[in-house]
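Just so it is clear, the structure is predicted and the values come from calculations on it, not from any experiment.
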Amino acid sequence: MKRTHHCSQLRATDVGHKVALAGWVHVRRDHGGIVFIDLRDREGLTQIVFDPQHNKPSWELAQALRSEFVVAVEGVVRSRPAGTDNPKLPTGQIEVLVHTLEVLNSSETPPFQIDETQAGEDLRLQYRYLDLRRPAMAKNLILRHKVAKAVRDYFDANRFLEVETPILFKSTPEGAREYLVPSRVNPGKFYALPQSPQQFKQMLMVAGVERYFQIAKCFRDEDLRADRQPEFTQIDIEMSFVTRDDVLAMMEGLVAHIWQAARGEKLPLPFQRMAYKDVMERFGSDKPDTRFGMELVDFTEDFKASAFKVFRSAVDSGGVVKALNAKGLAGATQGQIEQLTETAKSFGAKGLAYIKVEAGEWKSPIVKFFSEAEKAALIQKLKIEEGDLILFGADKRESVWEVLGRLRLVVADILKKTGKLTVRDDQWNFLWVIDFPLLEYRPEEGKYYARQHPFTAAVPEDVHLLDTDPLKVRGSQYDLVLNGQEMAGGSIRIHRPDMQKKMFEEVLKIPADVAKARFGYMLEAFRYGAPPHGGIAFGFDRLVATLCGTSNIRDVIAFPKTAKAFDLMTDSPSEVEPKQLRDLHIKLDLES
RNA sequence: GGGGGUGUAGCUCAAUUGGUUCAGAGCGCUGCCCUGUCACGGCAGAGGUUGCGGGUUCGAGCCCCGUCACUCCCGCCA
């Protein structure tokens, strides 16, 4: 018995045809005589009917069917009697009257029901093969495949080569913690699993590949989040002979192609672009959610001579005063204000100044210090109205960004829950953030660090500042942000050996021998005619999660790990045999 | 590393301030009945050391301490 159709395929036009279906018993409805079964496969459901008057032997066999039995049936498609259509199913106009039934396998009662009801996540992970049978999860897997195919189609059409890079890589202790792999044949030596194929893709550019992409597994041994797994997937891209704008345009094409393939939607191009400094000043975040307002407004000038000492002294010491208007949150309880204050404090604020605009009055412990001119500035710039809650930040510039940026999101969540703010999930606010600072200074170490990675080139106009004012240097980095989430990030790379050496040794102060040990091959490669190049990488899981309408990337990964990086289905990681350790020249030193 | 949440029947959950039926409901499961259901229906039934360990108390699902698991967030993620 070979199946002729899948379970979401048959329509009224197929009536009269002899068909064969195979799948799982989703639901059984036994009326004593006639028996209905919803047969489920990856694609959907079809109602099959066992009628004792039509075929007694198969009807008798069907008595034993239970949830999740695997069956194949042969029968004829017929339209359902008038009035018994099921408009909820694509196949709801027809049913298959079964001639013959073959039970391919029985099933124990599953630990949870295979339907829309959500079991606990640990149980779902333990029985992931059952969880993935649920139509919602099957849909996610299918969409993930579609997106991957769209990616490959797009890059193929644009003359990119998909090249695989090694999983056993060299340890590079900068950045994320790595998974180490001991080498049996090289005692005491280790590989590391790649955090990304960054260095290999640059080598591919030196190799003349010109346009490379890969749907690449990456590994980071860091703590997990709803949107972070220890192993995850990137769409990794690198191009030669390109400028930043070439890369951005190519990626806009990719994203548009994906949205077309996955959702049938046409995205307006090009995407908006904003400089890092501007997004920080306006949103207090380098990945702003621009679907709603409540932007940060600057009052540094207005309060530089204020009678309110907290503001004045912030300005005096080179800081800023900024505020945001939480529209409609004046009704916040004292408890909520305290929570907001705690939030502010947890991000480094000393306190949280606020004004509630209620019953035509400004209710606030600080408003008595404000001059008429200061009040006027607030009203005008923040468009203050009845019912507003104004929140202030006064401190060092970066600190105010951070505090108000976080508060903006917290406040938006509160307003969303109370229905005072609507943020649509199907609104796609893509945004390129550009002109990031190349370096940051870590005073505790007295050193500069690359904000992205040490291969990012400075924008050409700023190169001369590297020696004199490194913090002013803008990197040629770009991030693609969607609705407050970072979707992709990349840069134009350094391709000249002298510049890369200067970056390692003079700017980042990596000792020459260390730089040579870690990146020597790169510096050498660049001496043999490395083309100018740049690239980007997308977080594939997050991208797919967004398209699936979930914020949890576990929902779009077939076999994800728990928050403790455990695989509950296979019980991994696990202990190993002493012999395996001996082979690897490893001795354990466990506490307690 | 830190903070919050959750843990009661196979699943999802309920159980006033610790106090008589406080061990319950729905779904699922088992048996019987039922020929047009699709949340099928009817009748009957099985099923729990309340995550685990300890403590307080006359008495603990409920309070305290510890521990484990899952989860969310901060740190971390060049």
### Summary
Per nearest nucleotide of RNA chain B, the residue lying toward the 5' end, A/Phe347 or A/Ala176, is A/Phe347
### Summary
Separation between OH (A/Tyr478) and CG (A/Asp435), nearest 0.5 Å, reads 12.5 Å
### Message
Closer than 3.5 angstrom, by distance alone: can the side chain of A/Asp541 be matched with the main-chain N or O of A/Thr233 as a donor-acceptor pair?
### Response
yes
### C1'-based separation of B/rC43 from B/rA69 [nearest Å]
41 Å
### Query
Which part of the nucleic acid, if any, lies within contact of A/Leu568, taking any heavy atom under 4.0 Å across all strands shown: a base, the sugar-phosphate backbone alone, or nothing?
sugar-phosphate
### Message
If you compare every side-chain N and O of A/Arg28 against the phosphate oxygens of B/rG41 (OP1, OP2), does one of them come in below 4.0 Å?
### Response
no
### Task
Write down the distance between CG (A/Leu125) and P (B/rU71), rounded to a whole number of angstrom.
7 Å
### Task
Quick one: label A/Pro111 by what it contacts on the DNA or RNA (base, sugar-phosphate, nothing), any heavy atom closer than 4.0 Å.
sugar-phosphate
### Query
Expressed in angstrom and rounded to an integer, what is the separation of A/Gln63 atom CD from B/rC34 atom P?
11 Å
### Query
Can you check whether A/Thr562 has a side-chain N or O nearer than 4.0 Å to OP1 or OP2 of B/rC70?
yes
### Task
Let me see the working for A/Arg518 and A/Glu174 under side chain to side chain contact (heavy atoms under 4.5 Å, CB included), right down to the final yes or no.
CA-CA 10 Å; A/Arg518 287 191 198 147; A/Glu174 283 84 16; 2.5 Å; yes
### Message
Parallel, tilted or perpendicular, judged at 30° and 60°: which one describes the rings of A/Phe200 and A/Phe169?
### Response
tilted
### Message
Checking A/Thr172 against A/Glu178: is there a side-chain donor and acceptor pair closer than 3.5 Å?
### Response
yes
### Sugar-phosphate, base or nothing in reach of A/Arg518, heavy atoms under 4.0 Å
nothing
### Query
Between B/rU35, B/rC40, B/rG75, which one does the side chain of A/Asp51 approach most closely?
B/rU35
### Message
With hydrogens left out and only the distance checked, is there a donor-acceptor pair under 3.5 Å joining A/Arg220's side chain and the base of B/rC77?
### Response
no
### Message
Say we look at B/rC13 and B/rU56: how far apart would their C1' atoms be, to the nearest angstrom?
### Response
29 Å
### Query
Mind checking who B/rG41 pairs with, Watson-Crick or G-U wobble, both distances under 3.5 Å?
B/rC33
### Query
Is there a donor on the side chain of A/Arg225 or the base of B/rG75 sitting less than 3.5 Å from an acceptor on the other?
yes
### Distance below 4.0 Å between A/Arg66 side-chain N/O and B/rU30 OP1 or OP2
yes
### Query
Can you tell me how far C1' in B/rG51 sits from the matching atom in B/rG61, rounded to whole Å?
12 Å
### Query
So, does the side chain of A/Arg124 form a donor-acceptor pair with the base of B/rC70 at under 3.5 Å?
no
### Query
Which nucleotide, B/rA69, B/rU71, B/rG10, lies nearest any side-chain atom of A/Gln113?
B/rG10
### Task
Give a yes or no on whether a salt bridge exists between A/Arg228 and A/Asp223, defined as a side-chain N under 4.0 angstrom from a carboxylate O.
no
### Message
In this structure, how many angstroms lie between the P atom of B/rU71 and the CD atom of A/Gln126, rounded?
### Response
13 Å
### Task
Please state whether the phosphate of B/rC77, meaning OP1 or OP2, lies under 4.0 angstrom from any side-chain nitrogen or oxygen of A/Arg451.
no
### Query
Considering Watson-Crick and G-U wobble pairs with both distances under 3.5 Å, what does B/rG7 pair with?
B/rC68
### Task
Considering only atom C1', compute the distance from B/rC33 to B/rC22 and round it to an integer number of Å.
36 Å
### Message
Whether the side chain of A/Trp59 engages the backbone of A/Gly33 through a donor-acceptor N/O pair (distance < 3.5 Å, no angle test) should be reported.
### Response
yes
### Query
What does A/Thr172 touch in the nucleic acid at a heavy-atom separation under 4.0 angstrom: a base, only the sugar-phosphate, or nothing?
nothing
### Query
For the side chain of A/Ser572 and the backbone of A/Ser574, is there at least one donor-acceptor N/O pair under 3.5 Å apart?
no
## Note on the structure
Ranking B/rG28, B/rC34, B/rG36 by distance to the side chain of A/Thr109, first place goes to B/rG28
### Query
Are the ring of A/Phe36 and the six-membered base ring of B/rU37 within the stacking cut-offs of under 5.5 Å and under 30°?
yes
### Query
Which sits closer to the 5' end of RNA chain B, A/Leu123 or A/Pro454, going by the nucleotide each is nearest to?
A/Leu123
### Query
So, is A/Lys88 close to the B/rA39 phosphate, meaning a side-chain N or O under 4.0 Å from OP1 or OP2?
yes
### Query
So, A/His31 and B/rU37: ring centres less than 5.5 Å apart, planes less than 30° off, yes or no?
no
### Query
Is a donor-acceptor contact shorter than 3.5 angstrom present between the side chain of A/Asn86 and the base of B/rC38?
yes
### Task
Over 60° means perpendicular and under 30° means parallel, so classify the ring planes of A/His453 and A/Phe455, tilted if in between.
tilted
### Task
Can you tell me, in whole Å, how much space there is between the C1' of B/rU12 and that of B/rU20?
30 Å
### Message
Taking the C1' atom in each of B/rU57 and B/rC65, what is the distance between them to the nearest angstrom?
### Response
16 Å
### Query
Distance-only, no hydrogens or angles: does the A/Thr456 side chain make a donor-acceptor pair with backbone N or O of A/Ser491 under 3.5 Å?
no
### Message
Would the base of B/rU37 count as contacting A/Gln47 through its side chain, where contact means a donor and an acceptor less than 3.5 Å apart?
### Response
yes
## Note on the structure
Considering only heavy side-chain atoms of A/Glu95, the closest of B/rC77, B/rU35, B/rU37 is B/rU37
### Task
Ignoring the backbone of A/Ala119, work out which of B/rU30, B/rG75, B/rU12 is nearest its side chain.
B/rU12
### Task
Compare side-chain N and O positions of A/Lys564 against OP1 and OP2 of B/rA69 and report whether any pair is under 4.0 Å apart.
yes
### Query
Taking the side chain of A/Asp223 as heavy atoms from C-beta outward, which of B/rU35, B/rU30, B/rG1 is closest to it?
B/rG1
### Query
Tell me: CG of A/Asp571 to C1' of B/rA69, nearest whole Å?
12 Å
### Message
Between B/rG75 and A/Arg177, counting only base atoms on the nucleotide and side-chain atoms on the residue, is there a donor-acceptor pair under 3.5 Å?
### Response
no
### Message
With rounding to the closest Å, how many angstrom separate the P atoms on B/rU17 and B/rA9?
### Response
22 Å
### Query
Rounding to the closest angstrom, what is the interatomic distance between B/rG18 and B/rC58 at atom C1'?
12 Å
### Message
Can you tell me which nucleotide in B/rC11, B/rC70, B/rG36 comes closest to the side chain of A/Thr84?
### Response
B/rG36
### Query
CG of A/Leu130 versus P of B/rG10: gap in Å, rounded?
17 Å
### Query
How close or far is atom C1' of B/rC76 from atom CZ of A/Arg442, stated in whole angstroms?
11 Å
### Summary
Closest of B/rU35, B/rG36, B/rC74 to the A/Pro52 side chain is B/rU35
### Query
Could you state the NZ-P distance from A/Lys56 to B/rU35, rounded to the nearest angstrom?
12 Å
### Message
From CG of A/Leu224 over to C1' of B/rC74, roughly how many Å is that when rounded to an integer?
### Response
15 Å
### Message
Just to be sure I understand the rule, does A/Asp85 reach a base, reach only the sugar-phosphate, or reach nothing, if contact means heavy atoms closer than 4.0 Å?
### Response
base
